[in-house]
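Take a look at the structure below.
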Amino acid sequence: MTKNFNKSSLTLTKEEHIKENSNYLRGTISDDLKNEITNGFTGDNFSLIRFHGMYQQDDRDLRIERNEQKLEPRHAMMLRCRLPGGVISSEQWLKIDSFVSKNTLYKTIRLTNRQTFQIHGILKKNLKNIHQILHKIGLDSLGTANDVNRNVLCTSDPMESKIHQECYEWAQKISNHLLPHTKAYAEIWLDQKKVFSTDHEPILGKTYLPRKFKTTVVIPPHNDVDLYANDMNFIAIIENKKVIGFNVLIGGGLSITHGNKQTWPFLALELGYITLDKTLSVAQAIVTIQRDWGNRTNRKNAKTRYTIQNVGLKIFKKEVEKRANITFEPIRSYLFTTRGDSIGWKKDINNNWSLTIFVENGRICDNNNQLLKSGLLKIATVHKGNFRLTSNQNIIISEISNENKNKIENIAISYGLIKTNSKLRENSMACVSFPTCPLAMAEAERMLPVFITKVENIMLKYSMEKEIIILRVSGCPNGCGRSLLSEVGLIGKSIGRYNLYIGGNRIGTRIPKIYKENITEKEILVHLEFLIKDWSIYRKENEHFGDFIIRKKIVKEVINPIHDFWN
Ligand code: SRM
Ligand code: SF4
């Protein structure tokens, strides 16, 4: 027997009422935009602006000081762009950079691990301006946050092969197909006239999804998108150098709540194989099932992974077949062998060049080490091709002609964009955390660069400096840095303290397990030194760190996270 989460005796969450009463996501956002008394949004609008791709934040470094001065927190918005597959042209980049440089508090662009960029520190009075700029250059931020299908990921660099190009187009089609239909975005931000016909959300419904929903299109053997962390995944199956269909996997997700054993990370499960022509109807069926069956009474158990756990995969699959009018074929064979970006120069299908630049934790700014923001701006002024953002928070300058290669290379070198980094650093990742993230419990982006240097020193001490460890940090158990798919994962507990997880694998198909709880950075380094030393002595030939940890039973392997993750 399955539980009906949403029967009337259970109380729907506050967010469900907000959506229901929002008039298709309008709320009173327009009134708030005129309100000059506060720099923030009021009431339900605080949550509703997220559907339009913005979060209200305040600078946490300044909270105490402003509180003492009896000032309102320094409210500013973060905007997340919709960029399925992560492609952005040089021209678009120039416009974004110009807005960021003139109109934001931080003057940086932040690449995210979902192949897009965020702009932090936008004052309310500048919001319409950025939306109108985005619109003019063919971009938007609709549905990049809250209870909808988010930015759709696709294995990076569509110019690498025709298959990549095709899959990139699927990412766009899926994103467009599942977008909210409401005209609220155009009315509020683009000043388009109110249309008096009744709004209708044919796929998402009036109260949208119970929770965020994440989708990928992925080309084996490269799992750069970390598909197992996503709600819905399409793995390209290739025959005679053509995509003929997709294996469909559902129900991945990584967030937990410290100490709450009713929450667990989960890897996406196989549903079956479909031919290409079924892609959109299957995507729509999965989303509508999650819309109808997902838990709307408890947001901590509302994602697809919990719906599947509640009804069982078999019943979920049957319902997808019914709604999409298809029969899944058995899963076709596939194998993942890599996850990280390969930094540096590569040739593409048209004999042009691409240059992948390592962006530490996705932050595009100028500092003493490199003038990344200025360098990319300079490249955008001479480069005729595109920029491509990766799910590892890096950027690819793509479609560089032979004639332009030297010019771009010279700019990249002179601004310090091409550097030799350890494999450890290139494969590390941190979420944003302080000072903008309201949920941060410990530092992530700001602590990782120095922390990595310390781990590099340990690796060097044991002659392991050429090896990779996938090391990721998240400032809280929401796990945005995908720490629960790493070989060494840190998850913030409080300022300066983390839970240490170990034993995930290199390609992102095994969840790590807690090794030490609530320890300081210094203590983490002591434990890591001990483990790295042992690994250097007792590893089998080429054995990865995470595999060594499991073989040596230093932690128990997480096979079924529902049972193994906490126990
Ligand atoms: Fe995330 C919330 C940043 C990828 C799980 N995430 C947030 C917020 C918006 C905080 C908030 O709700 O107020 C963070 C904004 C910080 C800031 O100042 O920018 C934030 N998440 C990020 C980014 C920027 C991290 C990064 O450094 O790249 C990523 C933006 C992706 C994008 O472009 O859409 C980001 N977040 C992820 C991932 C990884 C992924 O998707 O591959 C996860 C774990 C995977 C998953 O969903 O299970 C993730 N973020 C969360 C959660 C937990 C959701 C849940 O299922 O319970 C929250 C909190 C929430 O939604 O309530 C959250
Ligand atoms: Fe913020 Fe936590 Fe996500 Fe880091 S993991 S960005 S601290 S919500």
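Numbers for residues simply follow the sequence, beginning at 1. Just the heavy atoms: all of them, side chains too, but no hydrogens, waters or symmetry mates, feed the values below. We count ligands from 1, going down the list as the structure has it; atoms in each ligand are counted the same way.
- Within the structure, every pair that satisfies the salt bridge (charged side-chain N to carboxylate O under 4.0 Å, His left out) test and touches residues 501-510, not counting sequence neighbours, is listed here: E487-R506, R510-D547.
- L313 and L271 get closest at one heavy-atom pair: CD1-CD2, 3.9 Å.
- Counting only distances under 2.8 Å, and ignoring water, the protein N, O or S atoms around atom 4 (Fe) of ligand 2 are C431 SG.
- P180 approaches L142 most closely through the heavy-atom pair O-CD2, 3.9 Å.
- Ring geometry for F565 against Y501 counts as parallel: the plane angle stays under 30°, on a 0 to 90° scale with 60° as the upper cut.
- Classification of the Y208-F51 ring pair by plane angle, with boundaries at 30° and 60°, yields tilted.
- Residues Q118 and R110 bring no donor and acceptor atom of their side chains to less than 3.5 Å of each other.
- For N67, there are no side chain to side chain contact (heavy atoms under 4.5 Å, CB included) partners at least two apart in sequence or on another chain.
- Residues Q290 and T307 have side chains that bring a donor and an acceptor to within less than 3.5 angstrom of each other.
- Side-chain contact, R363 with T108: a donor N or O sits under 3.5 Å from an acceptor N or O.
- The contact shell of ligand 1, taken as protein residues with any non-hydrogen atom closer than 4.0 angstrom, comprises R50, Y55, Q57, M78, R80, R110, T112, N113, R114, T116, Q118, H120, R211, K212, K214, G253, L254, S255, K303, R305, Q393, A430, C431, V432, T436, C437, P438, L439, N478, G479, C480, R482.
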